[in-house]
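Worksheet for the structure shown next.
All figures in this text were calculated on a predicted structure; none of them were measured in a lab.
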Amino acid sequence: MSLFETEKRSQLQAALPLGARMRPQSLEEFVGQEHFLGEGKLLRRLLRADRLGSVIFYGPPGTGKTTLALILAKETRSCFRQLSAVASGVKELRDLLNEARYRLESSGQKTLLFIDEIHRFNRAQQDVLLPEVEAGIVTLVGATTENPFFAITGPLLSRSRVFQFEPLTGEQIKLILRRAIADSERGLGKYNIQIDEEALDYLAATCDGDARRALAALEIGVLSCNEPTIHVTRKLAEESVQHRIVQYDRQGDRHYDTISALIKSIRGSDPDAALYWLVLMLEGGEDFRFLARRLVILASEDIGNADPMALVIAVATAQACELVGLPECQLNLAQAVTYLACAPKSNAAAKGLWEAQDDVRHNRIVPIPVHLQDASYAGARRLGRGEGYRYPHDDPQGIAPQEYLGIDRIYYRPVDRGFEKELAKRLEEIRTRLKSSQTGKKRQPSADKPFESRNNR
């Protein structure tokens with residue numbers, strides 16, 4: 001290599017951000033993902049057996065997906081080729097596959113094809129990979145932040161192993177930061193750096209398991225100081241991070257998982273957890289209208305008549321959010337979330353609805369009793385419509401004993417909590433009064449077996 005080329009390479013290396021310069025070069029340097037990369041775990045066993053095959057790396061940013069792909073190419077002595085699904089199309093993909101076939105035929109060397117953001121490829125583009133993956137022409141390593149079971153086609157998934165990457169722990173992030181401070185060749189070792197443990201803790205906590213973010217903040221803090229000895233304090237770390245960006249995708253897994261956590265926390269009567277998930281979604285840019293709608297649904301599904309005010313508050317919250325908008329409507333949402341979490345819970349009304357739906361959808365439709373049919377039009381009496389109907393307001397108790405359904409069913413069974421406890425007493429009196437018109441009939445629950453709960457929706 002000429003002096004000019006060496007200098008050029010050195011300049012390119014210096015221009016790289018710290019995260020790229022500190023990229024691990026071997027499995028021994030790699031930090032994290034011990035659940036599949038540790039000693040005796042699946043991926044390491046596949047490497048030792050030289051049976052890597054095609055894999056999908058699924059996980060959040062900054063956890064080492066690209067880095068591990070580069071290391072795998074070294075470990076398997078394969079030629080590394082990379083594509084971004086965002087910027088590449090079928091032509092570029094076919095060119096690389098043809099190149100890989102020629103390389104294997106001419107020299108016997110395999111190709112490791114790394115496709116970043118593979119979920120961005122449509123079905124047709126993913127299908128282009130199938131023959132070469134099937135034949136072993138390329139070892140595919142696809143990286144995605146999206147759930148592969150939704151984003152990757154079935155045929156491609158069936159030919160690949162899925163490895164899920166976890167966010168790095170705080171201790172793992174601190175290990176990476178210390179390495180960067182000590183490394184004089186690739187890291188910041190040429191500077192005289194003293195870093196407080198509080199600063200390390202702060203960077204490790206705010207990066208959310210993303211090593212790139214932590215290294216970027218450290219580099220900013222160090223390069224922004226001109227002193228001979230650079231003292232990285234917590235304050236300097238905070239100034240280097242500035243506004244924290246919450247990793248949240250309104251269209252992906254994180255959206256569905258977080259709203260599930262919010263709903264289940266409210267259903268489980270934990271206002272503290274509910275507030276946390278609410279704030280996480282709002283900080284991530286979630287639509288406040290979506291949150292308000294879900295609270296209105298929850299008020300009826302999980303609280304119901306145990307606290308009738310729950311629905312009133314949820315609807316008022318939705319209206320208030322429309323009226324004031326962000327950021328002030330966060331206060332309305334917080335009030336609603338804490339009230340709903342603390343309210344007594346009952347899904348009796350919801351279960352009654354689901355049981356009635358099951359009857360209507362799967363059993364014979366019940367004829368409307370004649371005395372309940374509309375008798376307001378000319379000729380109705382000639383057809384016998386409405387004959388025998390008893391007007392409840394004419395009864396001293398306001399309950400006219402008569403048949404209203406025609407089959408023996410009990411859909412609504414109030415729980416012994418909140419206002420529904422009072423409703424249960426009232427309903428017992430009502431049903432006793434109504435039974436007197438049914439000549440010994442007794443209403444039965446709508447199913448022979450307990451209705452399956454939907455509490456895990």
- Query: Hey, is Arg426 close enough to Glu422 for a salt bridge, meaning N to O under 4.0 Å?
  - Reply: no

- Item | Glu239 side-chain N/O to Leu236 backbone N/O, donor-acceptor pair under 3.5 Å | no

- Query: Do Asp183 and Leu188 have side chains that get closer than 4.5 Å, going by heavy atoms?
  - Reply: no

- Message: Nearest 0.5 angstrom please: Phe114 CZ to Ser78 OG, how far?
- Response: 14.5 Å

- Query: So with a 6.0 Å cut-off around OH of Tyr276, is the heavy-atom count from everything else above 12?
  - Reply: no

- Task: Using atom types as modelled and distance alone, determine if a side-chain donor or acceptor of Lys110 lies under 3.5 Å from a backbone N or O of Arg103.
- Result: no

- Item | Contact check, side chains of Ile115 and Thr144, non-hydrogen atoms, under 4.5 Å | no

- Item | Ile193 side, atom CD1; Leu218 side, atom CG - distance, nearest 0.5 Å | 6.5 Å

- Donor-acceptor pair, Arg120 side chain versus Ala85 backbone, under 3.5 Å? no

- Item | Interatomic spacing from OG in Ser88 to CZ in Phe121 - rounded to 0.5 Å | 6.0 Å

- Flag the pair Arg254 and Asp257 as a salt bridge only when some basic side-chain nitrogen lies within less than 4.0 angstrom of an acidic carboxylate oxygen. no

- Item | Side chains of Thr111 and Leu104 in contact at under 4.5 Å (non-hydrogen atoms) | no

- Task: Mind checking salt bridge (Lys or Arg N to Asp or Glu O under 4.0 Å) for Glu34 and listing every partner two or more places apart, or none if nothing turns up?
- Result: none

- Message: Contact between Ile176 and Arg179 at the side-chain level, heavy atoms closer than 4.5 Å - yes or no?
- Response: no

- Ser54 side, atom OG; Leu129 side, atom CG - distance, nearest 0.5 Å: 8.5 Å

- Backbone N or O of Thr153 within a donor-acceptor pair of the Gln126 side chain at under 3.5 Å? yes

- Item | Student check: side-chain heavy atoms of Val31 and Ile173 closer than 4.5 Å | no

- Query: Just wondering, more than 12 heavy atoms not from Arg94 lying within 6.0 Å of its CZ?
  - Reply: no

- May I ask you to decide whether Arg413 forms a salt bridge with Glu355, counting only side-chain N to carboxylate O separations under 4.0 Å? yes

- Check ion pair Asp196-Arg234 (N to O, under 4.0 angstrom): no

- Message: Tell me whether Glu428 at atom CD has more than 12 heavy atoms from other residues, nucleotides or ligands lying less than 6.0 Å away.
- Response: no

- Message: Measuring centre to centre across the rings, with the benzene-like ring taken for any Trp, is His35 within less than 6.0 Å of Phe163?
- Response: no

- Check step by step if side-chain contact (heavy atoms from CB on, under 4.5 Å) holds for Arg161 and Leu46. CA-CA 11 Å; Arg161 289 183 175 87; Leu46 289 172; 3.8 Å; yes

- Item | Listed once per pair and sorted, the salt bridge (Lys or Arg N to Asp or Glu O under 4.0 Å) pairs that draw on residues 320-336, sequence neighbours left out | Arg289-Glu322

- Please lay out, stage by stage, how Arg417 and Ser346 fare under the test side chain to side chain donor-acceptor pair (under 3.5 Å). CA-CA 7 Å; Arg417 292 187 293 275; Ser346 170; 5.1 Å; no

- Would Leu262 and Leu280 count as a side-chain contact (heavy atoms from CB on, under 4.5 Å) if you check the C-alpha gap in whole Å, the side-chain angles of each, and the deciding distance to 0.1 Å? CA-CA 10 Å; Leu262 172 61; Leu280 180 61; over 6 Å; no

- Query: If you round to the nearest 0.5 Å, how far is CZ of Arg212 from OG1 of Thr66?
  - Reply: 6.5 Å

- When you measure from the side chain of Ser224 to the backbone N and O of Gly221, does any donor-acceptor pair fall under 3.5 Å? yes

- Salt-bridge criterion met for Arg178 and Glu197 (N-O under 4.0 Å): yes

- Message: So that I can tick it off, tell me whether Arg81 and Glu92 are bridged by a salt bridge, with the cut-off set at under 4.0 angstrom between side-chain N and carboxylate O.
- Response: no

- Scan residues 329-341 for pairs that pass side-chain hydrogen bond (donor to acceptor under 3.5 Å, both in side chains), counting only residues two or more places apart or in two chains. Asp307-Tyr339

- Minimum heavy-atom distance Thr63-Leu168, with the two atoms named: CG2-N, 4.3 Å

- Message: Can a donor-acceptor pair be found, under 3.5 Å and without considering hydrogens, that links the side chain of Asp270 to the backbone of Ala273?
- Response: yes

- Task: Assess whether side-chain contact (heavy atoms from CB on, under 4.5 Å) is satisfied between Leu68 and Leu43, documenting all intermediate values.
- Result: CA-CA 11 Å; Leu68 187 54; Leu43 187 53; 3.8 Å; yes

- Could you pull out the closest heavy-atom pair between Arg213 and Cys207, with the gap in Å? NH1-O, 3.5 Å

- Task: With side-chain contact (heavy atoms from CB on, under 4.5 Å) as the test, would you mind laying out the steps for Met281 and Leu291 before giving the verdict?
- Result: CA-CA 9 Å; Met281 296 186 81; Leu291 293 166; 3.7 Å; yes

- Leu16 and Arg21: which non-hydrogen atoms are nearest, and at how many Å? O-NH1, 2.6 Å

- Salt bridge flag under 4.0 Å for residues Lys174 and Asp201: yes

- Any Lys/Arg nitrogen of Glu29 or Arg186 sitting under 4.0 Å from an Asp/Glu carboxylate oxygen of the other? yes

- Query: Is the backbone N or O of Val415 less than 3.5 Å from a side-chain atom of Glu420, with the two atoms forming a donor-acceptor pair by type?
  - Reply: yes

- Item | Minimum heavy-atom distance Arg123-Pro155, with the two atoms named | NH2-CD, 4.2 Å

- Task: Could you tell me whether the side chain of Pro24 reaches within less than 4.5 Å of the side chain of Ile71, counting heavy atoms only?
- Result: yes

- Query: Looking only at heavy atoms, which two atoms of Glu219 and Leu18 are closest? And how far apart?
  - Reply: OE1-N, 3.0 Å

- Task: Dump the intermediate steps for side chain to side chain donor-acceptor pair (under 3.5 Å) on Gln33 and Lys41, then the final yes or no.
- Result: CA-CA 10 Å; Gln33 316 313 324; Lys41 298 300 183 180; over 6 Å; no

- Message: Going by salt bridge (Lys or Arg N to Asp or Glu O under 4.0 Å), name the residues that satisfy it together with Glu132, two or more places apart in sequence or in a different chain.
- Response: Arg101

- Message: Treating Lys65 as the side-chain partner and Asp116 as the backbone partner, does any N or O pair qualify as donor plus acceptor under 3.5 Å?
- Response: no

- Message: Quick test of your reading: applying salt bridge (Lys or Arg N to Asp or Glu O under 4.0 Å), list the pairs with at least one residue in residues 48-57, sequence neighbours left out, ordered by first then second residue.
- Response: Glu39-Arg48

- Message: Assess whether a salt bridge exists between Arg267 and Asp302, defined as any Lys/Arg side-chain N lying under 4.0 Å from an Asp/Glu carboxylate O.
- Response: yes

- Within a strict 4.5 Å, meaning less than it, do heavy atoms of the Glu134 and Arg159 side chains meet? yes

- Task: Nearest 0.5 Å please: distance from the CD1 atom of Ile195 over to the CG atom of Leu200.
- Result: 4.0 Å

- Leu70 vs Arg23 side-chain heavy atoms within contact, under 4.5 Å: yes

- Any ring pair (Phe, Tyr, Trp, His ring centres under 6.0 Å) pairs touching residues 56-83, not counting sequence neighbours? Phe57-Phe165

- Message: Minimum heavy-atom separation for Ser269 and Ala343, please, with both atom names.
- Response: OG-O, 4.4 Å

